Amino acid sequence: MTSILHRQIAQTYPVAESGHGVMIRDDAGREYIDASGGAAVSSLGHSHPDVLAAMHAQLDQLAYAHTSFFTTEAAERLADDLVTHAPDGISHVYLVSGGSEAMDAALKLARQYFVERGEDGRRHLIARRQSFHGNTLAALAVGGNRWRRKPFLPLLIEAHHVSPCYDYRDRLADEAPSAYGERLARELEDTIAELGPQTVIAFVAETVVGATLGAAPPVEGYFRRIREICDRHGVLLILDEVMCGMGRTGTLHACQQEGVSPDLMTVAKGLGGGYAPIGAVLMRRQIVDTIAAGSGLFQHGHTYTGHPLACAAALAVQEVIRRDDLLANVRQQGAHLARRLAERFGNHPFVGDVRGRGLFWAIELVADRHSKEPFDPALKLHAAIKRDAMARGLMVYPMGGTIAGTHGDHVLLAPPYIVDAATIDTIVERLGDAVDMATQRMR
């Protein structure tokens, strides 16, 4: 009998006892390949000796100091490291304990920036349907995950949502990718015009959409047009790279592949690799300078902001990624994963799309490939695939509600950056067996 309120209250979970590399072992001795990095978290895998050593050293020196009294060497070094390798224009970092906290902080920073400029009338936030930006109330409000939002709608701040960049289902048959991207950009500009440009704070988007759509990359040129529109109307661009960032797509920041730099950007997950809870907001100098010249105070804060242990762990993770040239491995093994997924599922009768970048991939399940009709959501196919995968010693990240939050199933893969080709082959084989088993039961 457990005293924990688990995610699924009636479910009995295996007890994770140890982890090493890409594997997790439970207390019954069963081993699982962590093919999803938990929730795209474990960038270095489990029990990396260099990260553990850095954490031990920090604990021996200082476990905690409140940021209203002190800064710490661990926090300063991590912030310097993040700024050094940040997109153009980024000058400062605000350190938090995870992705949802980072998004809340980014939204408050954006609003305060305009207040300090005397533009108090800017109050609207625009994001995209079928997005996910976190589970705190403000992050949930800007997110477009209908299922997660529904019970809490009376508590959520107002936010406006435009169409996602969902090439597989939303691009017209005779529409070029560039034309599709332009259509989406016009929708954003029309929404800004309708609300009044002087009333809009920011546009919020995941560079590569994660859990809700399943590793859905933008079409070429989409974000460059979005950046132009935001600049023209004085609207801030907030990129959410909590799941897709910090190397997951093959470059340190996913936006590097889009040729844009945001005004604010949130990172977490792969930042600390799961060794300690940590997230961050990266911001442009103009935002910092405006607040510094005004109130001089960011009106925000948490007890564990800039926690020394978490900062030491995150810095060690980033140093190992650079030292071992793991982004090159993400690109190399990501290309291998793409090939193997295409070979296994490219003609699968119940897989409609294989999409992703780097080591961030998903398959979308369909009942009919030609019509793209999804399975009946009552079947909960994604959950069945997860169970069948776990039975085969494979951890994957499935989700339902891919289409408008009500229908559709996908399975996300996000293995650690240390993964090798042989392990990827095993991941694809086991996933294929799980998909076959689960879909056979649905027929």
Side-chain angles (χ1 to χ4, degrees), residues 16-26 29-53 208 210 214-215 217 243-252 254 257 269-275 313 316-346 354-363 385-386 388-398 411-435:
E17 187 174 75
S18 63
H20 184 76
V22 300
M23 307 297 294
I24 290 182
R25 180 191 294 265
D26 69 19
R30 292 184 291 265
E31 289 193 330
Y32 307 83
I33 299 175
D34 189 358
S36 60
V41 172
S42 298
S43 48
L44 281 189
H46 304 278
S47 302
H48 196 289
D50 293 345
V51 182
L52 299 182
V208 178
M243 182 171 269
C244 67
M246 302 312 296
R248 174 56 61 189
T249 63
T251 51
L252 187 61
Q257 297 175 54
K269 296 184 185 293
L271 170 61
Y275 287 90
V317 168
Q318 298 310 306
E319 289 175 340
V320 169
I321 289 173
R322 283 196 299 274
R323 183 198 69 196
D324 295 350
D325 198 17
L326 289 179
L327 294 189
N329 196 59
V330 172
R331 293 188 291 271
Q332 180 182 351
Q333 299 305 332
H336 182 63
L337 177 58
R339 287 192 299 272
R340 293 292 288 113
L341 288 171
E343 290 166 0
R344 183 63 176 84
F345 297 108
V354 178
R355 55 179 176 258
R357 284 183 184 172
L359 285 175
F360 196 46
W361 285 83
I363 58 171
I385 292 173
K386 180 181 179 180
D388 287 326
M390 284 287 282
R392 289 163 172 77
L394 181 68
M395 295 164 55
V396 296
Y397 195 91
V411 179
L412 189 70
L413 296 175
Y417 305 171
I418 60 172
V419 72
D420 59 26
T423 303
I424 284 175
D425 291 343
T426 303
I427 289 170
V428 174
E429 290 166 7
R430 292 183 184 180
L431 176 59
D433 291 344
V435 169

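These numbers come from a predicted model, not from an experiment. Positions are given from 1 along the sequence.
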(request) Could you go through the side chain to side chain contact (heavy atoms under 4.5 Å, CB included) check for Met23 and Ile33 one step at a time? (result) CA-CA 5 Å; Met23 307 297 294; Ile33 299 175; 3.7 Å; yes
If you define the side chain from C-beta out and look only at heavy atoms, does anything of [X] sit under 4.5 Å from [Y]?
| X | Y | value |
| --- | --- | --- |
| Met246 | Val317 | no |
| Pro398 | Ile385 | no |
| Gln318 | Leu271 | yes |
| Leu431 | Phe345 | yes |
| Arg25 | His20 | no |
| Leu413 | Val396 | yes |
| Pro415 | Thr423 | no |
| Glu17 | Asp26 | no |

(request) Walk me through it: do Arg344 and Asp425 pass the test side chain to side chain contact (heavy atoms under 4.5 Å, CB included)? (result) CA-CA 10 Å; Arg344 183 63 176 84; Asp425 291 343; over 6 Å; no
Give, for atom [atom1] of [X] and atom [atom2] of [Y], the distance between the pair rounded to the nearest 0.5 Å.
| X | Y | atom1 | atom2 | result |
| --- | --- | --- | --- | --- |
| Phe360 | Thr249 | CZ | OG1 | 8.5 Å |
| Leu359 | Asn329 | CG | CG | 7.0 Å |
| Arg331 | Arg357 | CZ | CZ | 13.5 Å |
| Leu44 | Tyr275 | CG | OH | 5.5 Å |
| Gln333 | Leu326 | CD | CG | 11.0 Å |
| Gln332 | Asp420 | CD | CG | 10.5 Å |

(request) Check step by step if side chain to side chain contact (heavy atoms under 4.5 Å, CB included) holds for Ile363 and Val435. (result) CA-CA 10 Å; Ile363 58 171; Val435 169; 4.0 Å; yes
(request) With salt bridge (charged side-chain N to carboxylate O under 4.0 Å, His left out) as the test, would you mind laying out the steps for Glu319 and Arg322 before giving the verdict? (result) CA-CA 5 Å; Glu319 289 175 340; Arg322 283 196 299 274; 5.1 Å; no
Distance-minimising heavy-atom pair for [X] and [Y]:
| X | Y | answer |
| --- | --- | --- |
| Gly19 | Ser47 | O-OG, 2.6 Å |
| Ala40 | Met243 | CB-CG, 3.6 Å |
| Ser36 | Gly38 | OG-O, 2.9 Å |
| Gly247 | Tyr417 | C-OH, 3.3 Å |
| Pro416 | Val22 | CG-CG1, 4.0 Å |
| Ser43 | Gly270 | OG-O, 3.2 Å |

(request) Check for a donor-acceptor pair, side chain of Arg355 on one end and backbone N or O of Gly214 on the other, with a separation under 3.5 Å. (result) yes
(request) Indicate yes or no for a side-chain donor-acceptor contact from Arg430 to the backbone of Arg392 under 3.5 Å, with no hydrogens or angles considered. (result) yes
